[in-house]
> 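Shown below is the structure under consideration.
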Amino acid sequence: MSSVLDQRSTPPSDATRPAPPRRRTRLLTLPEARWALTALVLFLLALPVHLLDGPAWLWGTLFAATYVTGGWGPGWEGLKALKDRTLDVDLLMVVAALGAASIGQILDGALLVVIFATSGALEAVATARTADSVRGLLDLAPATATRLLPDGTEETVETEQLAVGDTILVRPGERVGADGRVLDGSGDIDQATITGEPLPVAKRAGDEVFAGTVNGTGALLVRVERDPSDSVIARIVKMVEEASETKAPTQLFIERIEQRYSIGMVVATLAVFGIPLAFGDSLSSALLRAMTFMIVASPCAVVLSTMPPLLSAIANAGRHGVLVKSAVVMERLGQIDTVALDKTGTLTEGAPRVTDLRPLPGSGLDEDALLALAASAEHPSEHPLARAVVAAARERALPLTGAEEFTSVPGQGVTATVDGGTITVGAPARLLDTGADARPRREVVAELEEAGRTAVVVLRDREPVGVLGIADRLRPDAAATVAALTRLTGRTPVLLTGDNERAARHLAAEVGITDVRAGLLPQDKVAAVREWEARGRRVLVVGDGVNDAPALASAHSGIAMGRAGSDLALETADAVVVRDELATIPSIVRLSRTARRLVVQNLAIAGAFITVLVAWDLIGTLPLPLGVAGHEGSTVIVGLNGLRLLRESAWPRPTRDSAPARDST
């Protein structure tokens, strides 16, 4: 067994390691998108011909093609919905469009068709992108693994063929093929995709490892303890799929009333046509009154009551670096009353940085000399902590000396010859002795670790000369964001993280968070979200990693940090902070609430117009041109009211108050 582990392998560099394929559905491969685009093009071709009194046969043909290409899909879906005794508003829109065309209002009908065809296409795109993100997650798990046979020989097998009890060899730079436990060897595992920890974790015999995580240095023998179909990465896929399926777009206010309204409109239209006809009215007169009723009672203004405010808010948010994926999402963001924040890459910048330089008494070094010595020894290393030390030295423009006889031991540190001296940089537990003389040095280490830092000891010729403190730096706007979210929701946000308890609580204290849940795997985050939502809360989850994706999908709303966010998190989340500005999160919540208020205003305006025009048509004789003018006028009014959110002044400015707010609960 040891002979297998002694085999040396060079980790593939970022330049040579093949990138996983991106699985993204092309927009025009979706039939809904193709039909909607065709309908829009035909409508835009017909519109100027109609407005300029061009040949009737030309614009009539173009409008007819618009009806067919844009209306057959929603109409067919509406007919299928009737089998389930559900009256789909899309079907009513097609009927209203045909009714408008039958009495000469061809332009109004075509516009309705285009609007609803485009809405259906956007929903199809969102569904396809969610499926793409789930399939893309599978690229994290390797397709093959090296299995060891009882006689010590190796064979390459597909990971699906692995069984509980098998032993696999994981070389440096390879992804772990299955969830299991280390039998022999040691290595630094980057498991940020699962736990969200910013730094690789040293693994040795007895430690658990997860499929899809990356072995940085050292070879490992791993005993498979879970079937590949039940691995953590497979369960993440399953949870995202389940949450995406149950998260149907049914939350808009208009969708909550459309069934009753639609049924009432159909019944009323039939009554307006049938009752006068039964009492001796002429067929043409009854039909004209019924068609006028259908036009003025048509929910066009009601539908436009919701879309302009929400779409304008989406456009405004986009200008300020927040991508909101749909109007449904924009409305849902304003409903949240609980916020759960990830730590690494969300409240922090997601990259380790040197925060403390502590030369030890008697070393003869100042801060710059200590850092230059450590960076010279660490320069050949690819470990994230080493890169942080080298980066800190470069920021200070310190000269580095070439390192000779460089060696690296996973979980312990590096050793190199610098300026004729043997320099060792690594973990305090491995490098500091336990004698009485070591007490002052260990106190420095304990002080840094108590402050949430990762302590790194520097030795020169086996004598400690200094300690470095390394930490993931807090975002400058983190405290202000937490305070603003507390004021918006009435509750202090909760910290959900896979990082260790001490580091998590130290950071939480800095930003004013009191509820900390640390050491969480993806399913633990989902369980916390579901626990809150079972109590009636509407939870907003903010994260950036693959490990956050199930919680992002399960929550009422999810926002991903875009700059360092994983592909899955970006696709699963409802919104993405493209510029990585944490302070925009309370701003987008406030903008959503403003948009929802405008939706309510528009619904009241549309309802008032419909009520007046319908009453006029039923009680008196509403001229068709006046009915159309009233109908279109209400549509214009609610549209312009919603477009107010396009103004620059509509974007809520991030607060600069960084004082933590107290939990009102």
Side-chain angles (χ1 to χ4, degrees), residues 196 198 313 316-324 330 333-351 353 355 451-452 471-497 499 503-518 538-544 548 552 555 557-565 573-595 648-665:
N316 200 333
R319 291 201 303 266
H320 292 87
V322 183
L323 172 62
V324 180
M330 179 56 74
L333 286 169
Q335 298 171 343
I336 61 105
D337 56 20
T338 301
V339 179
L341 299 169
D342 176 47
K343 173 181 171 287
T344 305
T346 301
L347 286 175
T348 67
E349 295 179 348
R353 295 174 181 269
T355 57
D472 188 7
R473 191 163 66 183
L474 186 69
R475 291 181 187 271
D477 52 359
T481 298
V482 169
L485 290 172
T486 301
R487 290 191 293 270
L488 279 170
T489 63
R491 295 185 178 94
T492 301
V494 181
L495 183 62
L496 299 182
T497 178
D499 211 346
R505 290 201 174 277
H506 177 80
L507 179 136
E510 289 188 62
V511 298
I513 293 178
T514 55
D515 190 350
V516 178
R517 307 192 184 190
R538 294 178 175 178
V539 182
L540 168 64
V541 172
V542 184
D544 73 308
D548 299 316
L552 289 169
S557 298
I559 297 179
M561 304 302 292
R563 181 172 300 171
D574 298 313
V576 178
V577 181
V578 179
R579 299 175 188 169
D580 238 27
E581 297 173 355
L582 192 63
T584 58
I585 293 174
S587 295
I588 194 63
V589 172
R590 287 196 292 267
L591 182 65
S592 172
R593 293 183 177 181
T594 301
E648 182 69 21
S649 59
W651 175 255
R653 295 297 171 186
T655 178
R656 298 300 177 189
D657 178 18
S658 60
R662 221 173 70 185
D663 191 345
S664 63
T665 59

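Treat the numbers as computed from the prediction; the structure is a model and nothing was measured.
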> Answer whether the closest heavy-atom distance between the side chains of L507 and K343 falls below 4.5 Å.
yes
> Among I559, V542, T481, find the one that has a side chain to side chain contact (heavy atoms under 4.5 Å, CB included) with L341.
V542
> Closest heavy-atom contact between I513 and T492?
CA-CG2, 4.0 Å
> If you compare all heavy atoms of I585 against all heavy atoms of V577, which two are closest, and at what distance to 0.1 Å?
CG1-CG2, 4.1 Å
> D574 side chain to G558 main-chain N or O, any donor-acceptor pair under 3.5 Å?
yes
> Would you please name every residue forming a side chain to side chain contact (heavy atoms under 4.5 Å, CB included) with A478, sequence neighbours left out?
L347, L474, R475, V511, L582
> Mark yes or no for whether T338, through its side chain, and V539, through its backbone, hold a donor-acceptor pair below 3.5 Å.
no
> To the nearest 0.5 Å, how far apart are OG1 in T489 and CG in L540?
9.5 Å
> Nearest heavy-atom pair of L591 and P652: which atoms, and what distance?
N-CG, 3.8 Å
> Is a side-chain N or O of D337 found less than 3.5 angstrom from the main chain of R538, in a donor-acceptor match?
yes
> Identify the two heavy atoms, one from P586 and one from L488, that lie closest to each other, and give their separation to 0.1 Å.
O-CD1, 3.5 Å
> What heavy-atom pair brings W651 and S587 nearest, and what distance separates the two atoms?
CZ2-CB, 3.5 Å
> Rounded to the nearest 0.5 Å, what's the gap from CG on D477 to CD on E581? Could you check?
7.5 Å
> Rounded to the nearest 0.5 Å, what separation is found between the OG atom of S557 and the CG atom of L333?
4.5 Å
> If you compare all heavy atoms of G543 against all heavy atoms of D548, which two are closest, and at what distance to 0.1 Å?
CA-OD2, 3.6 Å
> Could you measure the distance from the CD atom of E510 to the CZ atom of R505? Nearest 0.5 Å is fine.
14.5 Å
> Atom CZ of R593 and atom CD1 of I588: how far apart are they, to the nearest 0.5 Å?
12.5 Å
